[in-house]
Amino acid sequence: GQTAVLSQSAITSASTLRNGAINATLRAEIDRANDDTAVDAGAYRTDVEDLLATYQQRTTDLVAEIEPVEAAAVVASSEAFVTDMEAIIAALGTVEGSEITRTRLASGSYDAVIGSLVDVRDERVREALAQAAYAGEAADGIRFVVVIVLPLIAVLIMRWVFRKRREREV
């Protein structure tokens, strides 16, 4: 349960980071188009850096909770994604900023990191569903005992008690 939530949180954070980087690039380009002077992208950079820090923290939290093999896949894909996002952040407000953003977004690192995070989340969801199915079977067994076996035992005890009374009366 908790690992699936952490994984979904990292997925959401990665998407927010990617969208934030795109929006910051677009805002910087609009500023550039409206004013031919150098664009001060500091505020845009700070916004995306904050999103990056959030993503990295959520990914770190997730990696601490999962198996080493899964963690290695998440870390590898995350490193490539973070590298791309850092390049986009560095290019904000520059003449080549939008081209760098397009190139880095086309690298596939976002799809790779989302894929690895989805794999972790889906595995945990499958485990939770399997446990729920087992719990359902156990509950069915308990209901059977309560509805069929206990009344049957009560009937048998009552028969035994009545039989013993009759034997004493005779």
Side-chain angles (χ1 to χ4, degrees), residues 1-33 38-144:
Q2 176 66 17
T3 304
V5 171
L6 289 172
S7 183
Q8 183 60 46
S9 177
I11 291 167
T12 302
S13 185
S15 297
T16 303
L17 171 57
R18 178 178 177 263
N19 293 339
I22 292 168
N23 288 336
T25 300
L26 291 173
R27 290 186 317 211
E29 289 301 311
I30 290 169
D31 288 352
R32 178 178 303 294
V39 174
D40 178 19
Y44 304 146
R45 219 175 254 117
T46 301
D47 291 346
V48 180
E49 286 170 343
D50 290 346
L51 294 172
L52 177 59
T54 300
Y55 166 75
Q56 288 174 312
Q57 183 59 55
R58 289 181 180 177
T59 303
T60 300
D61 293 345
L62 172 65
V63 167
E65 296 291 324
I66 59 179
E67 298 295 322
V69 173
E70 290 175 315
V74 170
V75 168
S77 62
S78 184
E79 286 174 352
F81 179 63
V82 167
T83 298
D84 284 344
M85 292 299 108
E86 288 172 340
I88 292 170
I89 291 168
L92 282 174
T94 65
V95 174
E96 60 276 348
S98 62
E99 183 58 35
I100 289 173
T101 298
R102 274 193 295 279
T103 302
R104 292 297 183 145
L105 291 177
S107 74
S109 65
Y110 172 74
D111 293 334
V113 79
I114 294 298
S116 66
L117 293 170
V118 165
D119 289 346
V120 170
R121 180 201 62 198
D122 289 353
E123 178 61 29
R124 294 318 180 279
V125 169
R126 277 191 292 280
E127 290 171 2
L129 291 174
Q131 289 173 352
Y134 176 75
E137 291 172 5
D140 289 344
I142 291 170
R143 280 192 290 274
F144 175 78

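Scope of the values below: all heavy atoms of this structure, side chains included, with no hydrogens, waters or symmetry mates.
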Distance in Å, [X] [atom1] paired with [Y] [atom2], rounded so as to fall on 0.5 Å steps:
X     : Y      : atom1 : atom2 : answer
Ile89 : Thr101 : CD1   : OG1   : 10.0 Å
Leu92 : Glu29  : CG    : CD    : 9.5 Å
Leu51 : Asn23  : CG    : CG    : 9.5 Å
Tyr55 : Ile11  : OH    : CD1   : 10.0 Å
Leu52 : Gln56  : CG    : CD    : 4.0 Å

List the atom of [X], the atom of [Y], and the distance in Å for their closest heavy-atom pair.
X     : Y     : value
Ala21 : Met85 : CB-SD, 4.0 Å
Ser77 : Val74 : OG-O, 3.1 Å
Thr59 : Ser78 : CG2-OG, 3.8 Å
Arg58 : Ala10 : CB-CA, 4.2 Å

Whether the side chain of [X] engages the backbone of [Y] through a donor-acceptor N/O pair (distance < 3.5 Å, no angle test) should be reported.
X     : Y     : value
Ser7  : Thr3  : no
Thr54 : Asp50 : yes
Ser9  : Val5  : no

Does a side-chain heavy-atom distance below 4.5 Å link Ile88 with Val48?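 With C-beta onward as the side chain, the pair stays apart.
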Side chains of Ile114 and Arg18 in contact at under 4.5 Å (non-hydrogen atoms):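 Ile114 vs Arg18: side chains apart.
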Relative to each other, are the rings of Tyr110 and Phe81 parallel, tilted or perpendicular (30° and 60° limits)?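 Rings of Tyr110 and Phe81: tilted, 30 to 60°.
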One pair to check against side chain to side chain contact (heavy atoms under 4.5 Å, CB included): Glu79 and Val82. What are the steps and the verdict? CA-CA 5 Å; Glu79 286 174 352; Val82 167; 5.8 Å; no
Salt bridge (charged side-chain N to carboxylate O under 4.0 Å, His left out): which pairs involve residues 82-93, sequence neighbours left out?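 For residues 82-93, and leaving out neighbouring residues, the salt bridge (charged side-chain N to carboxylate O under 4.0 Å, His left out) pairs sorted by first residue read Asp84-Arg104.
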Below 3.5 Å, can you tabulate the donor-acceptor pairs from side chains in residues 62-70 to any protein atom, sequence neighbours excluded?
residue	atom	partner	partner atom	Å
Glu70	OE1	Arg124	NH1	3.3
Glu70	OE1	Arg124	NH2	2.6
Glu70	OE2	Arg124	NH1	2.9

Applying side chain to side chain contact (heavy atoms under 4.5 Å, CB included) to Ser109 and Val113, what does each step give before you reach the verdict? CA-CA 6 Å; Ser109 65; Val113 79; over 6 Å; no
